[in-house]
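Every heavy atom of this structure was used, including side-chain atoms; hydrogens, water molecules and symmetry mates were not.
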Amino acid sequence: MSAEIENRICDYLRGYGRHDLSALESLAQFELWGVVAQCELLARASRFIKILDENELRAVAAGEVNLVDLARWVAAELKGNKP
């Protein structure tokens, strides 16, 4: 795991614990963080996909459009790296 990511998460936890130490201690007992993080990733992806119209959704659902490939292509384009 990246030390930078761990440090940022520790900063969040410190702020959370300063506000409510007992709540932080409860978080320390919870063992399903990976599941919760996966659910949040799904929720964030769902927020994006909601902007697509029905035809676009059907194309993605049918595999006619690969959203991963398109997102990578557009990200490279925005960075100035045309694929």
**Q** Do Asn66 and Val60 have side chains that get closer than 4.5 Å, going by heavy atoms?
**A** no
**Q** Hey, is the main chain of Asp53 close enough, under 3.5 Å, to the side chain of Glu56 for a donor-acceptor pair?
**A** yes
**Q** Could you pull out all residues at least two apart from Arg14 that satisfy side-chain contact (heavy atoms from CB on, under 4.5 Å)?
**A** Cys10, Asp11, Arg18
**Q** Please enumerate all residues that pass ring pair (Phe, Tyr, Trp, His ring centres under 6.0 Å) together with Phe30, with sequence neighbours excluded.
**A** Trp33
**Q** Which distance, rounded to the nearest 0.5 Å, do you find between the OH of Tyr12 and the CG of Leu24?
**A** 15.5 Å
**Q** Please list, chain by chain and in numerical order, all residues satisfying salt bridge (Lys or Arg N to Asp or Glu O under 4.0 Å) with Glu40, sequence neighbours excluded.
**A**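 Counting only residues at least two positions away or on another chain, Glu40 forms a salt bridge (Lys or Arg N to Asp or Glu O under 4.0 Å) with Arg44, Arg47.
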**Q** Which of these passes side chain to side chain contact (heavy atoms under 4.5 Å, CB included) with Val65: Leu52, Leu57, Leu70?
**A** Leu70
**Q** Please tell me whether Trp73 and Phe48 are part of a single hydrophobic cluster in this structure, the criterion being side-chain heavy atoms less than 4.5 Å apart.
**A**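 Different clusters.
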**Q** Group every Ile, Leu, Val, Met, Phe, Trp and Tyr by side-chain heavy-atom contacts under 4.5 Å, then state whether Leu41 and Val35 land in the same group.
**A**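 No, Leu41 and Val35 fall in different hydrophobic clusters.
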**Q** What's the separation between atom CD in Glu4 and atom CD1 in Ile9, rounded to the nearest 0.5 Å?
**A** 11.0 Å
**Q** If Ile, Leu, Val, Met, Phe, Trp and Tyr residues are connected whenever their side-chain heavy atoms lie under 4.5 Å apart, and connections chain through other members, are Val68 and Leu42 in the same group?
**A**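 As far as the 4.5 Å side-chain criterion goes, Leu42 and Val68 are not connected within one cluster.
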**Q** Between Val36 and Leu13, is there a shared hydrophobic cluster once you connect ILVMFWY residues whose side-chain heavy atoms come closer than 4.5 Å?
**A** yes
